[in-house]
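By convention in this document, chain letters (A, B, ...) are assigned in the order of the sequence lines, proteins followed by strands, and residues within each chain are numbered from 1.
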Protein chains: 2
Amino acid sequence: MTKAAPVDKRRLILDAAVRVFAREGFHKCRVSDIADEAGVAYGLVYHYFKSKDQVLDTLFLERWEVLLEAIRHTDATDLPAEQKLHQIAGFIIDSYRHDPDLMKVIIVEVTRAANSFGAVHIGKIGEAYALIRGVVEKAQERGEFRAEIPAEFAVMSFYGAIEQVLTGWIFGLLDESEAEYEDAKVHIVQTICGGLAA
Amino acid sequence: MTKAAPVDKRRLILDAAVRVFAREGFHKCRVSDIADEAGVAYGLVYHYFKSKDQVLDTLFLERWEVLLEAIRHTDATDLPAEQKLHQIAGFIIDSYRHDPDLMKVIIVEVTRAANSFGAVHIGKIGEAYALIRGVVEKAQERGEFRAEIPAEFAVMSFYGAIEQVLTGWIFGLLDESEAEYEDAKVHIVQTICGGLAA
DNA sequence: CACCGGATTGACTGGTTAGTCAACCGAAGG
DNA sequence: CCTTCGGTTGACTAACCAGTCAATCCGGTG
């Protein structure tokens with residue numbers, strides 16, 4: 001075991017990539033930008049990653065797996081559905097609070113661009129939907145949620161609301177502050193569960 | 001007035017671009033793909049447009065202006081807020097039904113990628129939000145909608161839900177059919193206005 | 001100390017493509 | 001019939017950049 005490098009260059013590269021992708025966008029930035037930002041030689045990027053795409057891939061999958069785990073964990077509790085949704089929204093919003101650049105990259109470059117990248121991503125995104133659908137369906141069976149609204153649409157509304165709020169922050173269309181983050185969690189869930197109608 | 005060309009090549013190019021962007025993605029396709037698809041010489045694209053970007057720009061702005069007009073029109077009526085939202089959701093979904101490729105391009109390449117493109121787009125998108133916010137605020141004043149939920153969040157939830165459903169169709173995560181389109185309109189509005197809770 | 005192998009370097013290449021431009025075409029008008 | 005001029009053509013270029021690779025470094029091992 002000759003391991004335990006003082007600095008993990010691979011991690012350095014990934015972290016630099018987040019900053020560069022967030023700042024310049026995946027398509028506009030050059031691999032050399034990532035290397036420079038990481039303070040590392042150009043070639044080292046290709047020592048750790050097969051391609052520029054794979055750097056983005058890795059960032060996305062790494063984070064998405066954490067998200068899936070969080071949803072699974074919430075799903076396993078026996079909280080009321082509304083609180084489960086609050087936890088899920090909370091987790092995603094806190095992810096953004098903790099590392100806005102990473103979430104920006106995931107949303108802007110991956111979530112919608114699932115096009116360019118393989119079916120891996122669509123599959124992973126679909127997994128998240130499926131898990132949330134499970135939460136909704138269980139709530140419908142237990143009578144917590146009304147059954148007229150198909151769970152697929154409920155999920156899209158819920159997840160779409162969250163992503164749209166993040167997008168609003170990312171593009172400066174919505175104010176940002178600690179208070180706003182907390183408010184958002186509450187209001188998204190209030191809207192989706194309680195509805196806007198008086 | 002020596003006008004009235006038999007075929008409007010400019011239009012031909014725009015329509016071809018929609019197909020190519022939808023099929024291959026904006027970044028992956030080449031300008032020659034657009035020219036070929038349109039059955040037109042490469043150089044003609046640059047006769048009508050300053051750049052590849054401007055082709056996408058034009059497609060987006062053209063369609064978005066129509067959307068803004070539709071929202072303004074709905075806003076001007078004195079229907080109940082819930083019906084206004086139904087009309088707006090309906091307009092967007094019908095846009096997709098009528099020309100899925102165009103909506104795909106707008107959502108996948110512009111709405112989220114507002115990054116790469118100028119502030120023009122963010123501004124235009126913000127205009128749509130502002131108009132919908134007007135609808136919500138008026139409803140809150142009239143007591144149709146409850147006032148606890150800030151209108152900004154309500155708008156994000158509503159618009160986010162719509163866009164997410166379209167995204168689901170685009171990426172094949174949601175079934176598509178005439179019936180689904182109509183259902184979606186109803187269920188999105190039901191969710192946002194009435195809430196999921198029983 | 002000599003050797004090994006993985007980490008690290010950065011110059012170079014091969015392929016790609018957005019955008020340019022000089023020439024060509026054909027209808028309208030004189 | 002000739003001229004004009006916008007529309008149209010497509011070969012060409014200048015730049016760009018992802019990915020390769022041969023060389024170097026360095027810590028560990030026997």
Side-chain angles (χ1 to χ4, degrees), chain A residues 1-60 105 109-110 113 115-118 120-121, chain B residues 1-60 105 109-110 113 115-118 120-121:
Chain A
M1 300 303 91
T2 60
K3 225 38 279 250
V7 271
D8 182 352
K9 299 287 180 81
R10 190 186 121 99
R11 189 78 252 157
L12 228 50
I13 291 167
L14 284 171
D15 291 346
V18 168
R19 272 171 271 136
V20 173
F21 289 162
R23 194 189 322 130
E24 325 216 30
F26 178 77
H27 290 287
K28 290 220 290 212
C29 82
R30 290 160 291 165
V31 173
S32 64
D33 292 335
I34 301 174
D36 291 352
E37 176 86 23
V40 133
Y42 185 92
L44 199 61
V45 174
Y46 287 91
H47 178 69
Y48 288 111
F49 304 95
K50 212 175 91 275
S51 67
K52 187 185 176 188
D53 281 20
Q54 205 192 59
V55 176
L56 179 54
D57 259 32
T58 304
L59 288 172
F60 168 74
V105 169
E109 309 290 351
V110 183
N115 242 1
S116 332
F117 295 97
V120 198
H121 295 159
Chain B
M1 302 306 92
T2 60
K3 228 21 305 228
V7 270
D8 182 352
K9 299 286 179 83
R10 190 185 122 101
R11 190 76 252 159
L12 229 49
I13 291 168
L14 284 171
D15 291 345
V18 168
R19 273 172 270 135
V20 173
F21 290 162
R23 194 190 321 130
E24 324 217 29
F26 178 76
H27 290 286
K28 291 220 291 210
C29 83
R30 290 160 291 165
V31 173
S32 63
D33 293 334
I34 302 175
D36 291 352
E37 175 86 23
V40 133
Y42 186 92
L44 199 62
V45 175
Y46 287 91
H47 178 71
Y48 287 112
F49 303 95
K50 211 175 91 275
S51 67
K52 187 185 175 189
D53 281 20
Q54 206 191 60
V55 176
L56 179 54
D57 259 33
T58 305
L59 287 172
F60 168 74
V105 169
E109 310 290 351
V110 183
N115 241 3
S116 333
F117 294 97
V120 199
H121 294 160

Non-hydrogen atoms of [X] and [Y] that approach each other most closely:
X: I34(A); Y: A16(A); value: O-CB, 3.8 Å
X: K28(A); Y: E24(A); value: CB-O, 3.3 Å
X: A22(B); Y: V105(B); value: N-CG2, 3.6 Å
X: K52(B); Y: C29(B); value: NZ-O, 2.8 Å

Could you tell me how far apart [X] ([atom1]) and [N] ([atom2]) are, to the nearest whole angstrom?
X: L12(A); N: dA7(C); atom1: CG; atom2: P; result: 15 Å
X: I34(B); N: dG10(D); atom1: CD1; atom2: C1'; result: 16 Å
X: E24(A); N: dC17(D); atom1: CD; atom2: C1'; result: 14 Å

- [ ] Only counting residues at least two apart or in another chain, list the ones meeting salt bridge (charged side-chain N to carboxylate O under 4.0 Å, His left out) with R19(B).
- [x]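 Partners of R19(B) under the salt bridge (charged side-chain N to carboxylate O under 4.0 Å, His left out) test: E37(B).
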Task: Residues forming a salt bridge (charged side-chain N to carboxylate O under 4.0 Å, His left out) with R11(B), sequence neighbours excluded - done: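 R11(B) satisfies salt bridge (charged side-chain N to carboxylate O under 4.0 Å, His left out) with D15(B), E62(B) once adjacent residues are dropped.
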Task: Nucleic acid contacts of residues 13-20 of chain B, taken as heavy-atom distances under 4.0 Å to DNA chain C - done: none
TODO: State, yes or no, whether a side-chain contact exists between I13(A) and H47(A) at a heavy-atom distance under 4.5 Å.
DONE: no
TODO: For the residue pair F26(A) and F21(A), categorise the inter-ring angle as parallel (less than 30°), tilted (30 to 60°) or perpendicular (more than 60°).
DONE: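 Plane angle over 60°, so perpendicular.
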TODO: To the nearest 10°, let me know how far the axis at one end of the helix from dC1(C)-dG30(D) to dG30(C)-dC1(D) is tilted from the axis at the other, five pairs an end.
DONE: 10°
Open item on the list: For a quick check, with a 4.0 angstrom heavy-atom cut-off, what is the B/S/- contact string for nucleotides 8-19 of chain C, read 5' to 3'?
Closed with: BBBB-----SBB
TODO: Taking ring pair (Phe, Tyr, Trp, His ring centres under 6.0 Å) as the test, write out the residues that go with F49(B), two or more places apart.
DONE: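 Once residues adjacent in sequence are excluded, F49(B) has no partner under the ring pair (Phe, Tyr, Trp, His ring centres under 6.0 Å) criterion.
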Task: From D33(B) atom CG to R30(B) atom CZ, the distance as rounded to the nearest 0.5 Å - done: 4.5 Å
